[in-house]
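Structure first, then comments.
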There are 2 protein chains.
Amino acid sequence: MKKINVKKGTLLQQKGEISSKIYLVESGLLRSYTIDKKGKEHIYMFGPENWLVADNCEPNTPCQLFIDAIEDSIIYVATKEELLKEGPDLNALLKRLETMQNRIIMLMSSNAKERYEHFVKTYPNITQRVPLKMVASYLGITPEALSRVRQVLSQKT
Amino acid sequence: MKKINVKKGTLLQQKGEISSKIYLVESGLLRSYTIDKKGKEHIYMFGPENWLVADNCEPNTPCQLFIDAIEDSIIYVATKEELLKEGPDLNALLKRLETMQNRIIMLMSSNAKERYEHFVKTYPNITQRVPLKMVASYLGITPEALSRVRQVLSQKT
DNA sequence: CCTATGCATTGATGTAAATCAAGAAATGAC
DNA sequence: GTCATTTCTTGATTTACATCAATGCATAGG
């Protein structure tokens, strides 16, 4: 498990690579995202401190996700084989499944405003660290739509 | 790990229950779903033969999902504790993560037609076994929208 | 310091899908 | 079998959000 420093903007993994790695964030902020056929970016996950960032693709197939650093970060890198050998953290895996379940339910049932509220709950401390357009991309809405949602929410306070 | 027979329509688990179980489907078809505050149903997952159906909620907290049988089914039931003790199937877990990742990307980036095509790929053999309105609920669209999508797709063949 | 580049906001317009409504078809109960 | 209930389809209308476009603000680089 190698420890590395990366500068803001560093691309750690490209869509299409075969042996996608696992990244454990010690400090800083990563993001994983995909680009669809229309060239549009969709953020799959943010990786702040202590999060595990990875592409859960099948072994030995091209991965789907790009991973890069939104902030200068210190991260541990491991191959999936390494992690499997030493026995992965089951609790972390279950926690991950829970997060994804919540996200799926959110995406199926929520409008723009509810999605934003869900995001604030899931990532309480990173709203100020991430540009609005990335939050919008994570939520599956446009920056314009998110801007308007935040406007009405801020008027309520 | 108990083996049980359930009739079509049997409710195995309610939203709000504390000790949610794990269900391994031997034959038949289960579904897990939630009901939002407007009373609308959202299907989280179908469970055909050999699928594992479960609510990935935190231990000892109320679960989110209802689980019931869409067909007469034969299933194995286990508590999460049991499964953790005997060491869960890592490959199945990773496969599950992959499925969910694909679903999330689909929900963020696809329109009604693409969602339906994604569904047919993910569950090739159950389109005929599941009423249209449930497929629509799984895809996060209305039955009306799905009906229209299928109409234009069938004209193309 | 000034200018270029990217980001956020705001307004006008377009559009996919939701909602509402009614009828047809399928399914199930008796 | 008939009747009742649910599901599916089709059409008309509405709506939330996307798209397009313009402007204002930052931040970064020379």
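So that the names make sense, note that chain A is the first sequence line, chain B the second, and so on, each numbered from 1. These numbers were taken from a predicted model, which means no experiment stands behind them. Values below: all heavy atoms of this structure, side chains included; hydrogens, waters and symmetry mates excluded.
- For A:Lys40, a side-chain nitrogen or oxygen approaches OP1 or OP2 of D:dT19 to under 4.0 Å.
- The minimum heavy-atom distance linking A:Glu41 with A:Ile35 is given by the pair CG-CG1, 4.1 Å.
- With sequence neighbours excluded, the residues forming a ring pair (Phe, Tyr, Trp, His ring centres under 6.0 Å) with A:Tyr123 are A:Phe46, A:Trp51, A:Phe119, A:Tyr138, listed by chain and number.
- When the P atom of D:dT6 is taken as reference, atom CD of B:Glu41 falls 13 Å away, rounded to whole Å.
- Within the nucleic acid shown, B:Gly9 has no heavy atom closer than 4.0 Å to any nucleic acid atom.
- Look at B:Glu49 and B:Arg129 and you find a salt bridge, because one of the NZ, NE, NH1 or NH2 atoms lies within 4.0 Å of a carboxylate O, short of that distance.
- For residues 115-132 of chain A, proximity to DNA chain D is found at no residue, defined as any non-hydrogen atom under 4.0 angstrom from a strand atom.
- Nearest heavy atoms, B:Arg96 versus B:Asn56: NH1-OD1, 4.3 Å.
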Between the protein and nucleotides 21-30 of chain D, list every N/O to N/O distance that falls short of 3.5 Å.
none

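- When ring centroids are compared, A:Tyr33 and A:Tyr44 stay outside the 6.0 Å threshold.
- The footprint of chain A on DNA chain C, defined by a heavy-atom cutoff below 4.0 Å, extends from C:dC7 to C:dA12.
- Proximity of B:Gln151 to the phosphate of D:dT10: a side-chain N or O atom is located under 4.0 Å from OP1 or OP2.
- Contact check on A:Glu98 versus A:Lys95 returns a salt bridge, with a Lys/Arg side-chain nitrogen under 4.0 Å from an Asp/Glu carboxylate oxygen.
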Donor-acceptor pairs are to be reported for all side-chain atoms of residues 3-10 of chain A against protein atoms at under 3.5 Å, with residues two or more places apart or in another chain.
| unit_1 | atom_1 | unit_2 | atom_2 | d |
| --- | --- | --- | --- | --- |
| A:Thr10 | OG1 | A:Lys7 | N | 3.2 |
| A:Thr10 | OG1 | A:Lys7 | O | 2.5 |

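- The hydrophobic cluster analysis finds B:Ile18 isolated: no Ile, Leu, Val, Met, Phe, Trp or Tyr side chain comes under 4.5 Å of it, directly or through other members.
- To the nearest 0.5 Å, the span separating CD1 on A:Ile75 from CG on A:Leu29 amounts to 11.5 Å.
- Between B:Lys37 and A:Glu114 there is a salt bridge, since at least one side-chain N of the basic residue sits less than 4.0 Å from a carboxylate O of the acidic one.
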side-chain contact (heavy atoms from CB on, under 4.5 Å) between B:Leu107 and A:Met108, intermediate numbers included
CA-CA 7 Å; B:Leu107 287 169; A:Met108 284 197 298; 3.9 Å; yes
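- In this entry the distance linking CG of A:Leu146 with P of D:dC17 reads 11 Å, nearest Å.
- Evaluation of atom-type donor-acceptor distances gives a pair under 3.5 Å for the side chain of A:Arg148 against the base of D:dT19.
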